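Below: the structure, in structure tokens.
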Amino acid sequence: MTEDPLSVTFAALADPTRRAILEQLAGGVATVTELAAPFEMSLPAVSKHLKVLERAGLVERGRFQQWRPVQLRPERLREVSDWVEQYRRFWTGSFERLDDYLQGLQQGGRDDEG
């Protein structure tokens with residue numbers, strides 16, 4: 001089954017541990033051991049989360065001698081942001097129309113009172 005990249009990204013972001021890992025990586029490159037420190041879970045469990053994030057294209061693991069740095073790849077987050085942005089614009093427009101409608105009602109009500 002072929003999954004679209006946005007679905008894979010949202011599936012990866014659905015887990016709070018993975019979101020916390022991304023938050024850590026926003027501060028800079030880290031090792032798996034450093035990423036695992038705040039969590040009460042094994043290194044293999046953190047590695048499984050990293051594999052999901054790698055598959056979604058949200059992180060990248062490198063290799064420098066025996067050090068395996070993990071870094072954030074923010075490009076995929078931009079795709080998520082762009083997708084969400086279109087709905088933010090929809091809701092902003094809806095609220096503005098509702099606000100205009102309510103102001104019209106209030107002004108009409110004032111005319112009736114006077």
Side-chain angles (χ1 to χ4, degrees):
M1 183 171 132
T2 304
E3 294 183 20
D4 68 286
L6 192 58
S7 295
V8 174
T9 303
F10 273 115
L13 293 173
D15 185 276
T17 300
R18 291 193 285 265
R19 290 193 307 271
I21 289 171
L22 292 176
E23 196 173 313
Q24 281 182 268
L25 290 172
V29 176
T31 64
V32 175
T33 303
E34 291 168 337
L35 292 170
F39 305 106
E40 292 184 18
M41 64 177 63
S42 66
L43 289 178
V46 172
S47 287
K48 286 183 181 177
H49 283 295
L50 287 172
K51 284 180 184 174
V52 173
L53 293 170
E54 273 186 295
R55 183 171 169 260
L58 293 165
V59 301
E60 181 176 73
R61 283 198 244 197
R63 173 164 275 199
F64 180 72
Q65 296 172 350
Q66 293 184 348
W67 191 53
R68 302 257 331 193
V70 181
Q71 68 180 19
L72 180 67
R73 292 188 61 206
E75 303 86 23
R76 282 291 170 89
L77 292 174
R78 168 61 71 192
E79 293 173 19
V80 170
S81 176
D82 290 347
W83 187 85
V84 170
E85 176 62 20
Q86 60 187 312
Y87 293 99
R88 188 195 65 75
R89 283 187 298 230
F90 166 79
W91 284 111
T92 298
S94 295
F95 287 130
E96 286 173 358
R97 286 190 298 279
L98 178 61
D99 191 43
D100 291 345
Y101 175 74
L102 293 175
Q103 284 182 10
L105 287 177
Q106 286 177 338
Q107 289 171 356
R110 288 187 186 139
D111 291 342
D112 292 342
E113 292 172 6

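Worth saying up front: this structure is predicted, and the values here are computed from it rather than measured. All residue numbers in this chain count up from 1 along the given sequence.
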Non-neighbouring partners of [X] that pass side chain to side chain donor-acceptor pair (under 3.5 Å), sequence neighbours left out:
X	result
Ser47	none
Arg61	Glu54
Arg18	His49
Glu60	Gln71

Could you work out the complete set of other residues in the hydrophobic cluster of Val8, with links drawn between I, L, V, M, F, W and Y side chains under 4.5 Å apart?
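Listed partners: none, Val8 stands alone.
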Which ILVMFWY residues are connected to Trp91, directly or by a chain of links, through side-chain heavy atoms under 4.5 Å apart?
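Answer for Trp91: Phe90, Phe95.
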Only pairs at least two apart or in different chains count here, so list each salt bridge (Lys or Arg N to Asp or Glu O under 4.0 Å) that has a residue in [range].
range	value
residues 63-75	Arg73-Glu75
residues 21-32	none
residues 30-48	none

Return the set of residues passing side chain to side chain contact (heavy atoms under 4.5 Å, CB included) with Val80 (not counting sequence neighbours), or none when no residue passes.
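Partners of Val80 under the side chain to side chain contact (heavy atoms under 4.5 Å, CB included) test: Leu6, Thr9, Phe10, Leu13, Val84.
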Nearest 0.5 Å, please: how far is CG in Leu35 from CG in Leu22?
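Here the rounded value is 9.5 Å.
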Enter the distance from Thr33:OG1 to Leu43:CG here, rounded to the nearest 0.5 Å.
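Rounded to the nearest 0.5 Å, the OG1-CG separation comes to 5.0 Å.
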Is any side-chain heavy atom of Val29 less than 4.5 Å from a side-chain heavy atom of Trp67?
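Sidechains of Trp67 and Val29: in contact.
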So do Ile21 and Leu53 actually touch side chain to side chain, heavy atoms under 4.5 Å?
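Leu53 reaches Ile21 side chain to side chain.
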Sorted by first residue and then second, give each side-chain hydrogen bond (donor to acceptor under 3.5 Å, both in side chains) pair with at least one member in residues 93-105; sequence neighbours left out.
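As it turns out, the side-chain hydrogen bond (donor to acceptor under 3.5 Å, both in side chains) pairs with a partner in residues 93-105, which skip direct neighbours, are Ser94-Arg97, Asp99-Gln103.
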In chain order, what residues pass the salt bridge (Lys or Arg N to Asp or Glu O under 4.0 Å) check against Arg88, with sequence neighbours excluded?
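Listed in chain order: Glu85.
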